[in-house]
2 protein chains.
Amino acid sequence: MDTGDRLLTPGEVAALFRVDPKTVTRWAAAGRIGSIRTPGGHRRFRESEVRALLEGEGMLEESDDMGRPRNAGPATSPGPGAGPANAGMY
Amino acid sequence: MDTGDRLLTPGEVAALFRVDPKTVTRWAAAGRIGSIRTPGGHRRFRESEVRALLEGEGMLEESDDMGRPRNAGPATSPGPGAGPANAGMY
DNA sequence: CTAAAATAGGGTAATTTGGGTT
DNA sequence: AATGTCCAAATTACCCTATTTT
C-alpha cells in the first residue's frame with residue numbers, strides 16, 4: 001500500500017483544508033502537524049499524515065459531549081489528548 | 001549499515017525533497033549541500049548527506065519554529081564566494 | 001554515431017517565510 | 001486561542017537554450 005510518503009507543499013495542504021497557507025505554517029510551528037524543512041527553510045508535509053488528519057480523526061475522538069472538555073475537565077487526565085506537545089508560544 | 005555513499009542525481013534529490021531539480025542545484029551552488037562534479041560539469045550528491053538532511057530535521061520534531069541552526073551542517077563545501085545566503089536571514 | 005533524457009545556466013513569476021496587526 | 005490579512009525578504013518554480021549523460 002502506498003502509505004503516501006509523498007510530500008506536499010504548504011499551499012497544497014492549505015487547499016486540502018480550505019485554509020490559508022499561513023494557517024498551515026502555524027500548525028507546523030505549533031507541532032500539530034509534522035513538517036520537513038528544505039535546506040532553504042521551506043516546509044514539506046507528508047501526505048499520509050495530512051490525509052490521516054483529514055479523514056481519520058472525526059470518528060472515534062471528540063465525538064460530541066465528552067470528547068474535549070473545554071472547561072469542566074475531571075482534573076484526572078492531564079493527558080495531552082488534544083494538545084500533545086508544544087507550549088503554543090507563537 | 002549502509003552508509004549510503006551512492007551518488008544521487010539532482011533529479012533524485014529533488015524528488016526526495018519535493019522540489020525542482022534546479023533548486024537542488026541552487027543548494028549546491030550556495031554550499032548548503034555538498035556536491036561532486038562530473039568531468040562534464042554535472043553534479044552528484046551523496047545519499048548519506050541527503051538522508052541526513054531529510055531525517056535530521058523533520059522526523060521527531062514537533063515545535064521547531066524558532067531557532068533554526070541551518071548553517072551548522074557539515075561544512076563539506078565552505079563555499080568560496082557563494083555566501084549571499086545565510087548569516088542574515090531577515 | 002545518433003537519439004532521447006537529464007542537467008547546467010540565466011532570467012522572471014509564484015510561493016513561502018516570519019513578524020506584526022486585526 | 002485561532003484564523004485571516006498586510007508587508008518585506010528569501011526561497012522556489014517555470015521559461016528558455018546549450019552541453020552532458022545514457
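Each chain gets a letter, A, B and so on, in the order the sequences are listed, and its residues count up from 1.
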- [ ] List the steps, then state whether side chain to side chain contact (heavy atoms under 4.5 Å, CB included) holds for B:V24 with B:F17.
- [x] CA-CA 9 Å; B:V24 179; B:F17 278 97; 5.8 Å; no
Output a table of nitrogen or oxygen pairs between the protein and nucleotides 19-22 of chain D separated by less than 3.5 Å.
from: D:dT20; atom 1: O4'; to: B:H42; atom 2: NE2; distance (Å): 3.4
from: D:dT21; atom 1: OP1; to: B:T38; atom 2: OG1; distance (Å): 3.1
from: D:dT21; atom 1: OP1; to: B:G40; atom 2: N; distance (Å): 3.0

TODO: Report which part of the nucleic acid B:R26 touches: base, sugar-phosphate, or nothing (heavy-atom distance under 4.0 Å, all strands).
DONE: base
Task: Residue-phosphate contact under 4.0 Å: B:T25 side-chain N/O, C:dA8 OP1/OP2 - done: yes
Task: Close side-chain approach of B:E47 and B:F45, heavy atoms under 4.5 Å - done: no
Task: Side-chain N or O of B:T23 closer than 4.0 Å to phosphate OP1/OP2 of D:dA13 - done: yes
Open item on the list: Whole angstroms only, please: what is the CD1-P distance between A:I33 and D:dT3?
Closed with: 12 Å
TODO: Kindly indicate whether the side chain of A:V19, heavy atoms from C-beta on, has any atom under 4.5 Å from the side chain of A:V13.
DONE: no
- [ ] Decide yes or no, distance alone: a donor-acceptor N/O pair under 3.5 angstrom between the base of C:dG19 and the side-chain of A:K22.
- [x] yes
Task: Nearest-0.5 Å distance, CG of residue A:L7 to CD1 of residue A:I36 - done: 5.0 Å
Task: Distance test, side-chain N/O of B:R18 to OP1/OP2 of D:dA13, below 4.0 Å - done: no
Task: Spacing of B:D20 atom CG relative to C:dT16 atom P, expressed in whole Å - done: 14 Å
TODO: Would you mind reporting whether B:L53 and A:P39 have side-chain heavy atoms less than 4.5 Å apart?
DONE: yes
Open item on the list: Taking the basic N atoms (NZ, or NE/NH1/NH2) and the acidic carboxylate oxygens, is any pair closer than 4.0 Å for A:R44 and A:E12?
Closed with: no
Task: Phosphate-side-chain proximity, B:W27 and D:dT12, N/O vs OP1/OP2 below 4.0 Å - done: yes
Open item on the list: Let me check the geometry of the helix from C:dA3-D:dT22 to C:dG19-D:dC6. What is the bend angle between the axes at its two ends, five pairs each, to 10°?
Closed with: 60°
- [ ] Rounded to the nearest angstrom, tell me the gap between atom CZ in A:F17 and atom C1' in D:dA2.
- [x] 15 Å
